[in-house]
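Everything below concerns the one structure shown next.
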Number of protein chains: 2
Amino acid sequence: MAEEMEQWLSSLLRLTDEEEKMTEKQIKIIQAAVDIFADKGYASTSTSEIAQRAGVAEGTIFRHYKTKKDLLLSIIAPVMSKLVAPFVLRDLHQVLDTEYERFEDFLRAMMRNRLEFVVKHAPIVKIMLHEIPFHPELQSQFKEQLFPQVGERLKRIITHFQSRGDLIEMPPFALLRMSVSAIMGYIFTRCYLFPEHDWNDQEEIERVVNFIMHGLAPRKE
Amino acid sequence: MAEEMEQWLSSLLRLTDEEEKMTEKQIKIIQAAVDIFADKGYASTSTSEIAQRAGVAEGTIFRHYKTKKDLLLSIIAPVMSKLVAPFVLRDLHQVLDTEYERFEDFLRAMMRNRLEFVVKHAPIVKIMLHEIPFHPELQSQFKEQLFPQVGERLKRIITHFQSRGDLIEMPPFALLRMSVSAIMGYIFTRCYLFPEHDWNDQEEIERVVNFIMHGLAPRKE
DNA sequence: CTTTAAAGTGAGTAATCACTCACTAATGAG
DNA sequence: CTCATTAGTGAGTGATTACTCACTTTAAAG
């Protein structure tokens, strides 16, 4: 069962499905854009610089992408949906409905897998985090589509374990917020604040999971 | 004692010391810049737009600030240092050395105060978060000056309470990371993700403090 | 080989950029 | 009032911007 879940999670690490139908130059353009966007930010990156780094004429960029923003969105969109994919797919429900699953196993598997994803796509995730607040389309995609789905699903998971007495009585949203804070806190520190530090992921994940489990366990008098 | 600490913390909320020696137009410029920077980002804000919003000629901006970046830094710098001020000042040490202080009181006071600070200066903090990664001067100021000081001081605080048996045995940096994650997780959700939500800060702060205290308490067999 | 569509090019363009400068207005000390 | 310093102005500047378009190259199907 745990193995099934691991396998299924692993399948969610890939970004695109084998880079379908892209010319060599188009791939170069995306790579160059990701590099420079992550380095200097979208707004202060010029299309001429992207073309130069990609070894392409500037016109080639606009043959494939109508505008500069189009290029940005084509980079961010797949990461945005894949990042939260494990919490959206219908599979999740059936995975979780197996009675013998424990909350900490769920936490461990999810944290390990999402960390792996962010490590693998760090530059694009960085671009995403920086650009979401400045592009209303991205904001609404997150706030009106992704979050409600994900939030609702995770809330149900939380209440499931709560009703089994594994978690303290508390509004599910607060429980969710604190679990996610602890997990993201590590991923952020690990990937963006001190990426060059020599991290022992295994150990740190155990620490965070224990932190959450003890912090949110029902209080015994 | 707790009152002393509260008073001292409150004094750290103000940004500038009564806006010294600024003309009316200069203040207008700063306000306009903060507004637009927070809204669209530094790189995609033009000086002409700032001038327009401030009701000033474009030349006036450059009378007071040599470059556009100069304007940005004059906005960010004071927030950057004031944001971490409570963890840098020498005062902190003597406040903490009082034996009867408990870790959870420290957490509570700090969290309440820093939340208040971020609420008060939310737009500038947003600008800061977005621009730090793209401006090496800011990065190094954070990584080489602020963090080492703050980190070292906080580590000492952690080990202090650890040696009293209030906290679990664990590398201080990990303890620090998890405490800060939990606190920042709330402040971030509260101020940036869902600022319009009807938050009960008092209640939520208690939840986070309890989460941390239980999550990091020494494990009893 | 011929044809056709798509991929790729790079000089060109109008708009916008941060910034300058020669100038006027306001202010405050002597 | 006088004068000197600072604050404020806005037209002007060269550089850069995202994007276009008439053109050439590539490649695969018939």
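Please read all numbers here as calculations on a predicted model, not as lab measurements.
- A salt bridge links A/Glu203 with A/Arg207: the distance from a Lys NZ or Arg NE/NH1/NH2 to an Asp or Glu carboxylate oxygen falls below 4.0 Å.
- Taking the six-membered ring where tryptophan is involved, the planes of B/Trp199 and A/Phe173 are tilted, since the angle between them lies from 30° to 60°.
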What are the atom names and distances for every N/O pair under 3.5 Å that joins the protein to nucleotides 14-19 of chain C?
unit_1, atom_1, unit_2, atom_2, d
C/dA18, OP1, B/Thr45, O, 3.1
C/dA18, OP1, B/Lys68, NZ, 3.1
C/dA18, OP2, B/Thr47, N, 2.8
C/dA18, OP2, B/Thr47, OG1, 3.0
C/dC19, OP2, B/Lys68, N, 2.6
C/dC19, N4, B/Glu58, OE2, 3.4

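- Within the 4.0 angstrom heavy-atom criterion, only backbone atoms of the sugar-phosphate kind lie near A/Thr23; the bases stay farther away.
- Between A/His130 and B/His130, the ring planes lie perpendicular to each other; the angle is over 60°, past the 30° to 60° tilted range.
- Under the side-chain hydrogen bond (donor to acceptor under 3.5 Å, both in side chains) criterion, A/Thr159 pairs with no residue at all, not counting sequence neighbours.
- Residues A/Arg190 and A/Val119 are in side-chain contact: their nearest non-hydrogen atoms beyond the backbone lie under 4.5 Å apart.
- The number of heavy-atom neighbours closer than 6.0 Å to CE of B/Met184, taken from other residues, nucleotides and ligands shown, is 12 or below.
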Polar atom pairs (N or O), protein with nucleotides 23-29 of chain C, under 3.5 Å:
none

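- The phosphate of C/dG8 (OP1 or OP2) has a side-chain N or O of A/His64 nearer than 4.0 angstrom.
- In this structure, B/Lys68 forms a cation-pi arrangement with B/Tyr42, its terminal cationic atom sitting closer than 6.0 Å to the ring centre and no more than 45° off the ring axis.
- Between the CE atom of A/Met22 and the P atom of C/dA6 there is a distance of 18 Å, rounded to whole Å.
- Remark: the backbone N or O of A/Ala38 is paired with a side-chain donor or acceptor of A/Lys126 at under 3.5 angstrom.
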Donor-acceptor contacts, no H, no angles, side chain residues 140-149 of chain B, under 3.5 Å, sequence neighbours left out:
unit_1, atom_1, unit_2, atom_2, d
B/Ser140, OG, B/Pro136, O, 3.3
B/Ser140, OG, B/Glu137, O, 3.1
B/Lys143, NZ, A/Leu193, O, 2.8

Taking only distance into account, with no hydrogens and no angle test, what donor-acceptor pairs under 3.5 Å do side-chain atoms of residues 53-62 of chain A form with protein atoms, sequence neighbours excluded?
unit_1, atom_1, unit_2, atom_2, d
A/Glu58, OE2, A/Thr47, OG1, 2.8
A/Thr60, OG1, A/Ala57, O, 3.2

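- Read 5' to 3', the first and last nucleotides of DNA chain D with an atom closer than 4.0 Å to a heavy atom of chain B are D/dA7 to D/dG10.
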